[in-house]
Amino acid sequence: DDLLESELFGHVKGAFTGAIANKEGKFQAADGGTIFLDEIGDISPRMQLRLLRVLQEREVEKVGGNGPVKIDVRIIAATNKDLIDMVRKGSFREDLFYRLNVFPIEMPSLKDRRDDIPYLVRFIVKDLATQFARSEVTVSDKVIDRLMQYSWPGNIRELRNVLEQAMVKLNGNLLCVDQLPELAIALKETKDKIAQTPEYIRSVLLACDGNKAKAARILDIDRKTLYNKIALYGIDTE
C-alpha cells in the first residue's frame, strides 16, 4: 500500500526512508488527461478509501505532504473480477463501485467471440514478428482452425502466450500447427462440446467471410451437412 500510494499520489522529500526528492504521482502527471487503473478489484480497503477521496474531492495529497493538490483527471478502470459480488460480500466499497461504474463496458470472454480470433491472431503475430525482428509471418488456415476450437480460459493473454511460444519455434515464415504448444487434449474436449453448436458454426462462417466450402473444412463436415445445419439453426449467412 505504501508503495502504491507513493506511485499514485506522489511523495515529498524526506517522507520516508529513501525519499531523497519530491516525486510527482501518477494522478498529478495525468492532470488534464486520462489515467488507467488496471486490476482495480485487487486494491486493499485502505487504498479503496484513498481512491474514493480522490474521486469525490478531485484532489490528491502527497505522502508526507501538507495539503491537497487539485487535479482534473478522467479515470478508466478495469478488472477481471465480479465487483458487484465483491460489494455484496463486503470486500469492495459500494460507494467506490458506484463512483467508478459511471459508464461500464462489458468485455465478453474470447470463447464468446470466436469470430475475432483470426483477426487477433494475425494482429498478435504481426506484433511478435516485429518484436523478434522477423520478416512478415503468414499464419496457416489450420492454425486458425485449431485456435478457434480452443476455449481460451486465459483469454487474450493466453492466446498471445501460445502464439509467442509458436514464434520461438518458427524457422521459416509460415506459422503451422506443428509450432503450436500441445493443446491436443483440451482441443479435443472443447471441439466435442462446441463444434456443432450454432454459435460456433456462425463464428466459423464469419471468420471465413461466408465461404461455405472453407467453413465446412474447418468444421470437419461436408458442405451438404453444413447447409442442413444452417437451415436447421436459421443462421443468417449474409
Side-chain angles (χ1 to χ4, degrees), residues 1-113 116 119-120 123-133 152-164:
D1 275 1
D2 292 337
L3 179 59
L4 187 56
E5 277 187 310
S6 175
E7 285 296 316
L8 291 179
F9 310 127
H11 64 250
V12 299
K13 181 179 179 180
F16 50 83
T17 303
I20 59 175
N22 292 337
K23 177 180 177 179
E24 183 180 66
K26 294 293 189 292
F27 273 101
Q28 197 173 354
D31 188 35
T34 303
I35 187 169
F36 173 55
L37 304 176
D38 200 6
E39 305 298 352
I40 195 71
D42 292 333
I43 63 173
S44 70
R46 173 183 162 190
M47 285 304 301
Q48 290 177 34
L49 180 58
R50 287 293 309 269
L51 184 56
L52 177 64
R53 288 174 179 164
V54 172
L55 290 169
Q56 289 182 161
E57 307 300 331
R58 300 281 182 176
E59 60 187 28
V60 296
E61 187 168 337
K62 292 186 176 184
V63 177
N66 294 321
V69 177
K70 286 291 183 181
I71 55 166
D72 178 16
V73 175
R74 174 174 55 191
I75 294 176
I76 299 175
T79 182
N80 63 355
K81 295 188 176 180
D82 186 341
L83 292 187
I84 294 177
D85 185 57
M86 291 179 67
V87 167
R88 192 180 299 118
K89 293 177 179 177
S91 57
F92 198 86
R93 294 183 66 98
E94 185 176 21
D95 44 8
L96 176 58
F97 171 75
Y98 287 117
R99 283 285 183 180
L100 290 169
N101 197 43
V102 176
F103 189 85
I105 300 173
E106 295 289 337
M107 179 61 72
S109 61
L110 195 53
K111 68 181 176 60
D112 295 326
R113 50 190 176 106
D116 285 349
Y119 306 103
L120 288 168
F123 174 83
I124 293 170
V125 166
K126 183 178 180 180
D127 183 54
L128 290 172
T130 301
Q131 180 182 322
F132 293 160
W152 300 109
N155 288 299
I156 292 179
R157 285 190 180 95
E158 184 182 7
L159 175 62
R160 184 179 179 89
N161 179 264
V162 164
L163 292 171
E164 190 165 359

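Position 1 is the first residue of the sequence, and the numbers go up from there.
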Report task. Give a yes or no on whether the backbone of Ile43 and the side-chain of Gln48 come within a donor-acceptor separation of less than 3.5 Å. Result -> yes
Requested in this report: Kindly determine whether Ile40 and Leu96 satisfy side chain to side chain contact (heavy atoms under 4.5 Å, CB included), including the steps that lead there.
Outcome: CA-CA 11 Å; Ile40 195 71; Leu96 176 58; 5.6 Å; no
**Report entry** Rounded distance [0.5 Å steps], CG in Leu4 versus CZ in Arg50
**Finding:** 9.5 Å
Query - For the student: nearest non-hydrogen atoms of Gln28 and Ile71, plus distance - result: CA-CG2, 4.2 Å
Query raised in the report: Taking all non-hydrogen atoms of both residues, which atom of Lys13 and which atom of Asn22 are closest, and how far apart?
Result: N-OD1, 2.7 Å
Requested in this report: Would you check if the side chain of Thr34 reaches a backbone N or O of Ala30 as a donor-acceptor pair within less than 3.5 Å?
Outcome: no
Query raised in the report: Do other residues, nucleotides or ligands put more than 12 heavy atoms under 6.0 Å from Ile84 CD1?
Result: no
Query raised in the report: Which residues satisfy the salt bridge (charged side-chain N to carboxylate O under 4.0 Å, His left out) test with Arg88, sequence neighbours excluded?
Result: Asp85
Report task. Dump the intermediate steps for side chain to side chain contact (heavy atoms under 4.5 Å, CB included) on Leu8 and Leu37, then the final yes or no. Result -> CA-CA 10 Å; Leu8 291 179; Leu37 304 176; 4.2 Å; yes
Query - Working for side chain to side chain contact (heavy atoms under 4.5 Å, CB included), residues Leu49 and Arg53 - result: CA-CA 6 Å; Leu49 180 58; Arg53 288 174 179 164; 3.7 Å; yes
Query - Worked verdict on Glu24 versus Lys62 for salt bridge (charged side-chain N to carboxylate O under 4.0 Å, His left out) - result: CA-CA 8 Å; Glu24 183 180 66; Lys62 292 186 176 184; over 6 Å; no
**Report entry** Least distance between heavy atoms, Ala77 atom then Leu100 atom
**Finding:** CB-CD2, 4.2 Å
Report summary line: To the nearest 0.5 Å, atom CG of Leu52 lies from atom CD of Glu94 at 11.5 Å
**Report entry** Crowding at CZ, Arg157 (>12 non-hydrogen neighbours, <6.0 Å)
**Finding:** no
Report task. Heavy atoms only: give me the nearest Glu5-Met47 pair and the separation to one decimal. Result -> CG-SD, 3.5 Å
Query raised in the report: With a 4.5 Å heavy-atom cut-off, do Asp116 and Phe123 have their side chains touching?
Result: no
Report task. Could you grab the distance from atom CZ of Arg113 to atom CE of Met107, nearest 0.5 Å is fine? Result -> 5.0 Å
Report summary line: Applied to residues 61-93, the ring-ring contact (aromatic ring centres under 6.0 Å, His included) test, sequence neighbours excluded, yields none
Query raised in the report: Below 4.5 Å, heavy atoms only, C-beta onward: do Leu51 and Arg99 meet side chain to side chain?
Result: no
Query raised in the report: Taking atom NZ of Lys89 as the centre, does the number of heavy atoms from other residues, nucleotides or ligands within less than 6.0 Å exceed 12?
Result: no
Requested in this report: Quick one: pull up CG in Leu83 and CZ in Arg93 and give me the separation to the nearest 0.5 Å.
Outcome: 14.0 Å
Query raised in the report: What are the two closest heavy atoms between Pro108 and Asp112, and how far apart are they?
Result: CB-CB, 4.3 Å
Query raised in the report: Taking everything shown except Lys111 itself, do over 12 heavy atoms lie less than 6.0 Å from its NZ?
Result: no
Report task. Determine whether more than 12 heavy atoms belonging to other residues, nucleotides or ligands lie under 6.0 Å from atom CZ of Arg58. Result -> no
Report task. Under the side chain to side chain contact (heavy atoms under 4.5 Å, CB included) rule, what do Glu39 and Asn80 come out as? Steps first, then yes or no, please. Result -> CA-CA 7 Å; Glu39 305 298 352; Asn80 63 355; 3.6 Å; yes
Report summary line: Taken to the nearest 0.5 Å, the spacing of Phe27 CZ from Ile75 CD1 works out to 4.5 Å
Query raised in the report: Considering all heavy atoms of both residues, which atom of Leu110 and which atom of Asn155 are nearest to each other, and what is their separation?
Result: N-OD1, 2.8 Å
Query raised in the report: Distance-only, no hydrogens or angles: does the Asp31 side chain make a donor-acceptor pair with backbone N or O of Asp72 under 3.5 Å?
Result: yes
**Report entry** Leu128 CG to Gln131 CD distance, which is reported to the nearest 0.5 Å
**Finding:** 5.5 Å
Query raised in the report: How would you list, by chain and number, every residue that makes a side chain to side chain contact (heavy atoms under 4.5 Å, CB included) with Phe36, sequence neighbours excluded?
Result: Asp38, Ile76, Ala78
